[in-house]
J.: 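Pasting in a structure now, in structure tokens, and then I'll have a few things to ask.
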2 protein chains.
Amino acid sequence: MTTAPRIALTRLAGLLADGTRAAFCLALLDGRAWTAGELARHAGVAPSTASEHLSRLVAGGVLAEEHQGRHRYVRLADVAVAQLIEDMAAHDPPADPPPTTLRATGSRRALTFARTCYDHMAGRLGVAVADALTRRRLLERDAGIAFTEAGVAWLADLLGEPPATTGRRPLARLCLDWTERRPHLAGAAGAALCRHALNEGWVTRIGSGRALGIGPTGGEAFSRVLDIDVVALKLSMETPMTSSSGRADTA
Amino acid sequence: MTTAPRIALTRLAGLLADGTRAAFCLALLDGRAWTAGELARHAGVAPSTASEHLSRLVAGGVLAEEHQGRHRYVRLADVAVAQLIEDMAAHDPPADPPPTTLRATGSRRALTFARTCYDHMAGRLGVAVADALTRRRLLERDAGIAFTEAGVAWLADLLGEPPATTGRRPLARLCLDWTERRPHLAGAAGAALCRHALNEGWVTRIGSGRALGIGPTGGEAFSRVLDIDVVALKLSMETPMTSSSGRADTA
DNA sequence: GCCACGTTGCGGCGAGCGCCGAACTATCGC
DNA sequence: GCGATAGTTCGGCGCTCGCCGCAACGTGGC
């Protein structure tokens, strides 16, 4: 019987096929844990409804939960799941575009400039980082993507330790940026870099969402370490980029 | 609105959430084009039902179709979709195992030894190839996986031309083998290697499925090129491998 | 101890969807 | 041309599943 993988596939797909559950997962792509109530409000459903959905997602191995007092915190189960959700959300239906007439305005502006994408940096800043690494030949994009020897050394020097290569998570991975339509750096190195940038105050979280802003040490650090002029980058937001469509959001 | 990626995710997930459509996609993982009727019989549904499902999968960008006379041939839309389906089907639900008491017997034996997985080789043979490449330092598995310089040269020599690195498909990629529970080689190199092995008669297709057998030139070629003793490999099928569970099938 | 709040379980309603059979169209072989 | 075969379209049936409101439970603050 060829039914064993079929049930595995339909089980996972079925969990993500519902709008409410999908909204939960996309929200959790910010890499942090949310409470059941927060997710219910975020998706606009009753708490009881959210509770049932969460139970199913946990049982299906998509989410991991943790109880703290009267709160139920959930987060994505692991990076593999996060990657899967990213990949699926990035899959384009074939052409004949349903006229999506959205434009990146208002609060979306912050997300377009910089945000977290599960555990690494995305948005114009994330793309700029990936570009800077490539320009300096620390990152090589030939077939796939990989750090050069110089790149691994640079990373070790920056973080104060060689990047952890435990597990099967690739050091470098490309993640297509939805707002920029260009790839930014994901993988273990992308996560380490993002963690470092948050710890060192290069970037700070804006509010409770996924948006990032430049932190107190960011201007100097990005210039010194990667030769990125964040002021110019921010100004470049005023003049829309080439062929940037109205499509925005998660990345 | 955070709804744009949500509909993208639910649309794709919804397509894969149905058992019949999932069976279609898993069958198409062999990388070849099937007719609508073949898929209908394979999944055990009426032709009319299959027709509707196929139309939806095509409209959703999961499958590509091609009409030839009175036949409608469909195949997976691209490697990204194939990879996604592999990844999703490989996702394990958390523990507490539903007592799956399957054993690799009968016709499944052939699949366990060697088969195609979308466009590359899987099964014990596929794993042996990946191991041989690693042993000879042509392939490096450190963080992620990559060909060494010697490996690229070896590949170019074997194929008579440098491996095509066009497009964004990585040269080397790991694909978890479901029967062996160990990774085999996928990516552009895995596909090129499989194509070469079929062309040169190292392996041949068994029947109309995904199963592969050793071809007339296979014994000599695998020994010469990769130092793999296929006879010993086939004999090793008699003694079950360490901790090989009953789970079998697609990979 | 008491109340507020976050969360869970249950009953019931309504919509969506997968299934089939029957009728119809298109292609192939003779 | 004619029958056989592959595929599509349509109507209708039945089941699943997402939703809510209400009641109940546990935790934390006073």
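The sequence lines fix the lettering, A, B, ..., with proteins before strands; numbering per chain opens at 1. All values below come from the heavy atoms of this structure, side chains included, with hydrogens, waters and symmetry mates left out.
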J.: Return the value, rounded to whole Å, for the distance between atom OH of A/Y73 and atom C1' of C/dG6.
T.: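 Rounded to the whole Å, the gap is 11 Å.
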J.: Could you give the CG-to-P distance, from B/L54 to D/dT9, as a whole number of Å?
T.: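 One finds 12 Å between P of D/dT9 and CG of B/L54, rounded.
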J.: Are any side-chain N or O atoms of A/T35 and backbone N or O atoms of A/H71, one a donor and one an acceptor, separated by less than 3.5 Å?
T.: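 No.
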J.: Is any N or O donor-acceptor pair between the side chain of A/S51 and the base of C/dG6 shorter than 3.5 Å?
T.: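 In this structure, the two groups form no donor-acceptor pair.
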J.: Round to a whole Å and report the spacing from CG of A/L57 to P of C/dT8.
T.: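 About 13 Å, once rounded to whole Å.
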J.: Ignoring hydrogens and geometry beyond distance, is the side chain of B/R70 in donor-acceptor contact with the base of D/dT5 at under 3.5 Å?
T.: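 In this structure, the two groups form a donor-acceptor pair.
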J.: Side chain to side chain contact (heavy atoms under 4.5 Å, CB included), that's the test. Do A/L212 and A/L125 meet it? Break it down for me.
T.: CA-CA 9 Å; A/L212 294 176; A/L125 180 62; 5.6 Å; no
J.: Could you state the atom-to-atom distance from NE2 of A/H67 to P of C/dT7 in whole Å?
T.: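 Rounded to whole Å, this separation is 10 Å.
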J.: Would you kindly give the CD-to-C1' distance between B/E52 and C/dC20, to the nearest whole Å?
T.: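 Distance, rounded to whole Å: 10 Å.
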J.: At under 4.0 Å, does any side-chain N or O of B/T49 touch on OP1 or OP2 of C/dC19?
T.: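 Answer is no, no contact under 4.0 Å.
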J.: So, is B/T20 close to the C/dC19 phosphate, meaning a side-chain N or O under 4.0 Å from OP1 or OP2?
T.: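 Yes, B/T20 has a side-chain N/O under 4.0 Å of OP1/OP2 on C/dC19.
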J.: I need the CZ-P distance between A/F24 and C/dT7, as an integer number of Å.
T.: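 To the nearest whole Å, that distance equals 11 Å.
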J.: Sequence neighbours excluded and cut-off under 3.5 Å, please list the side-chain donor-acceptor pairs for residues 50-59 of chain B, or say none.
T.:
unit_1 : atom_1 : unit_2 : atom_2 : d
B/H53  : ND1    : B/R21  : NH1    : 3.1
B/S55  : OG     : B/S51  : O      : 3.1
B/S55  : OG     : B/R72  : NH2    : 3.3

J.: In whole Å, what is the span from the CH2 atom of B/W34 to the C1' atom of D/dA6?
T.: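 Roughly 17 Å, once rounded to whole Å.
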J.: When you get a sec, tell me which of C/dC20, D/dC20, D/dG18 is the closest nucleotide to the side chain of A/D18?
T.: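 Shortest atom-to-atom distance from the side chain points to D/dG18.
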J.: To the nearest Å, give me how far apart NE2 (A/H71) and P (C/dC5) are.
T.: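 Going from NE2 in A/H71 over to P in C/dC5 covers 12 Å.
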J.: How long is the gap from CZ on A/R195 to CG on A/L198, to the nearest 0.5 Å?
T.: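 A/R195 CZ to A/L198 CG: 10.0 Å, rounded to 0.5 Å.
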J.: Could you say whether A/S48 or A/G14 is positioned toward the 5' end of DNA chain D, judged by the nucleotide with the nearest heavy atom to each?
T.: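 First, find each residue's nearest nucleotide; the 5'-ward one identifies A/G14.
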J.: Within less than 4.0 Å of OP1 or OP2 of D/dT8, is there a side-chain N or O belonging to B/R72?
T.: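 Yes, such a contact exists.
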J.: Closer than 4.0 Å, any side-chain N/O of A/R56 to the OP1 or OP2 of D/dC17?
T.: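 No, because none of the side-chain N or O atoms of A/R56 sits under 4.0 Å from OP1 or OP2 of D/dC17.
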J.: Compare side-chain N and O positions of A/H53 against OP1 and OP2 of D/dC19 and report whether any pair is under 4.0 Å apart.
T.: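 It does, given that an N or O in the side chain of A/H53 lies less than 4.0 Å from OP1 or OP2 of D/dC19.
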J.: Tell me what A/R41 touches on the nucleic acid: a base, only sugar-phosphate, or nothing, going by heavy atoms under 4.0 Å.
T.: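 A/R41: no heavy atom of the nucleic acid under 4.0 Å.
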J.: If we ignore hydrogens and angles and just use 3.5 Å, is the side chain of A/T217 paired with the main-chain N or O of A/G201 as donor and acceptor?
T.: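 Such a contact is found between A/T217 side chain and A/G201 backbone.
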J.: Using a heavy-atom cut-off of under 4.0 Å over every strand shown, decide if A/T35 touches base, sugar-phosphate, or nothing.
T.: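 Sugar-phosphate contact only - A/T35 comes under 4.0 Å of backbone atoms but never of a base.
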